[in-house]
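All ligand and atom numbering here is 1-based and tracks the order in the structure. We count residues from 1, following the sequence as given. Because the structure is a prediction, the values reported are computed rather than measured.
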Amino acid sequence: MSDPAQPASPDPPVDWAQHYADGDTPWDHGAEHPELAVRLGAGELAVPTPGARALVPGCGRGHDALALARIGWVVTALDQVPALEGLVNSGLQPLGGEYLLGDALGWAPASGEPDVDLVFDHTFLCAIDLAQRPQFVDLVLRALRPGGQFVCLLFPVGKPREAGGPPHSLDVTQVEALFGDSLKLLEHAPVAHSIEKREHGEHWSRFVRR
Ligand SMILES: C[S@@+](CC[C@H](N)C(=O)[O-])C[C@H]1O[C@@H](n2cnc3c(N)ncnc32)[C@H](O)[C@@H]1O
């Protein structure tokens with residue numbers, strides 16, 4: 001049996017900027033994920049203290065980042081596509097957040113210390129090459145303060161690993177294998193409100209940084 005924590009062969013490179021330039025963005029349904037919308041509306045992921053920071057790597061057009069910023073998170077949204085910068089910043093900056101252009105996997109807190117209270121992933125971890133997953137783990141652990149939360153909207157759950165990607169197969173056992181004891185699973189369930197037309201499962205997993 002293959003080890004879910006280990007990379008398989010590298011993907012051919014994806015030209016993400018070209019996808020946005022062509023409007024070929026099937027992962028983007030034009031709003032925050034419906035599960036996130038419902039949960040925020042129910043008072044989940046409330047800002048723990050004024051000024052608490054959230055990180056959204058691979059934010060795309062920033063729908064999820066903006067939804068978090070609207071309830072008071074100071075959001076840093078990361079993506080590598082220059083054409084998204086103005087769009088995402090026009091929503092985030094008035095709410096105290098920002099879009100940072102560059103390789104999300106290289107981001108580190110300016111303070112040099114983990115000072116982020118929430119990392120939110122939605123189709124970034126499944127989009128990067130399998131060989132880059134350890135860098136994603138490093139990013140989350142560099143960012144999150146002890147007690148901070150990592151929320152992952154896992155997709156595509158149940159996609160055969162051999163089918164390749166992106167999006168690559170992702171499920172909670174893979175995330176647990178990647179993070180080991182650094183994170184503790186608090187909550188895990190299939191989403192009640194999924195994005196229509198998604199071929200594979202979507203699960204909501206919430207972890208806390210030990
Ligand atoms: C499948 S899209 C998901 C976008 C967004 N999370 C959403 O749900 O609409 C993956 C995103 O990750 C970005 N991305 C991929 N690799 C990246 C990297 N190394 N650094 C920053 N962004 C990256 C792409 O540009 C793209 O916007």
Side-chain angles (χ1 to χ4, degrees), residues 7 10-40 45 54-70 73 75-92 97-108 116 118-140 142-143 150-157 159 163-170 175 178 191 193-205:
D11 301 326
V14 178
D15 188 341
W16 294 103
Q18 194 62 51
H19 273 278
Y20 286 101
D22 294 345
D24 176 19
T25 55
W27 55 84
D28 182 336
H29 83 127
E32 70 270 34
H33 193 288
E35 183 76 9
L36 178 65
V38 168
R39 286 175 180 261
L40 294 184
L45 300 185
L55 189 71
V56 182
C59 65
R61 293 192 179 92
H63 306 300
D64 301 319
L66 194 52
L68 292 167
R70 281 197 207 101
W73 287 96
V75 177
T76 300
L78 310 171
D79 210 291
Q80 60 188 3
V81 174
L84 298 173
E85 187 169 14
L87 173 73
V88 181
N89 265 335
S90 68
L92 278 188
E98 62 178 343
Y99 173 99
L100 296 181
L101 177 66
D103 181 3
L105 298 170
W107 183 88
V116 168
L118 173 68
V119 177
F120 184 81
D121 179 88
H122 172 207
T123 60
F124 175 59
L125 177 54
C126 71
I128 58 175
D129 195 283
L130 292 174
Q132 293 178 303
R133 287 188 175 182
Q135 293 176 59
F136 180 87
V137 173
D138 291 345
L139 167 68
V140 172
R142 268 200 310 277
F150 171 52
V151 172
C152 192
L153 251 164
L154 296 160
F155 171 83
V157 178
K159 180 177 179 179
H168 292 281
S169 148
L170 188 63
V175 177
L178 283 166
V191 303
H193 308 275
S194 56
I195 292 184
E196 279 181 35
K197 298 185 185 159
R198 283 211 165 152
E199 267 185 49
H200 301 282
E202 296 180 288
H203 290 182
W204 174 277
S205 289

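The distance from ligand 1 to the heavy atoms of Val81 drops below 4.0 Å at these ligand atoms: 25 (O). Numbered from 1 in the order shown, with element, the atoms of ligand 1 that lie under 4.0 Å from a heavy atom of Tyr20 read 4 (C), 26 (C), 27 (O). Close contacts between ligand 1 and Asp103 involve ligand atoms 18 (C), 19 (N), 20 (N) [criterion: under 4.0 Å to a heavy atom].
Between the CH2 atom in Trp107 and the CG atom in Leu78 there is a gap of 7.0 Å [rounded to 0.5 Å]. Note that the CG atom of Leu40 and the CZ atom of Arg70 stand 10.0 Å from one another [nearest 0.5 Å]. Taking CZ of Phe150 as the start and CG of Leu55 as the end, the distance is 10.5 Å to the nearest 0.5 Å. Here Leu87 contributes atom CG and Tyr20 contributes atom OH; the two are 10.0 Å apart, rounded to the nearest 0.5 Å.
Within a 6.0 Å sphere centred on CD of Glu199, other residues, nucleotides and ligands contribute 12 heavy atoms or fewer.
A heavy-atom separation below 4.0 Å is found between Gly102 and ligand 1.
The aromatic rings of Trp16 and Trp27 lie perpendicular to each other, with more than 60° between the two planes, well past the 30° mark. Using bins of under 30°, 30° to 60° and over 60° for the plane-to-plane angle, the ring pair His33/His29 lands in the tilted bin.
The single protein non-hydrogen atom nearest to atom 16 (N) of ligand 1 is Gln80 NE2, 3.4 Å, given as residue, atom name and distance. Remark: minimum distance from atom 20 (N) of ligand 1 to any protein heavy atom is reached at Ala104 N, 2.9 Å. The protein heavy-atom contact nearest to atom 3 (C) of ligand 1 is Thr123 OG1, 3.2 Å. Looking only at protein heavy atoms, the nearest one to atom 5 (C) of ligand 1 is Gly58 O, 3.3 Å. Trp27 CD1, 3.4 Å is the protein heavy atom nearest to atom 9 (O) of ligand 1.
A 4.5 Å side-chain heavy-atom check between Arg198 and Thr123 finds at least one atom pair inside the cut-off.
Contacts of Cys59 with ligand 1, taken as heavy-atom pairs under 4.0 Å, involve the backbone alone.
Between His122 and ligand 1, a contact under 3.5 Å exists for at least one N or O pair.
Looking at Val14, Asp79, Leu139 and measuring to atom 11 (C) of ligand 1, the nearest heavy atom belongs to Asp79.
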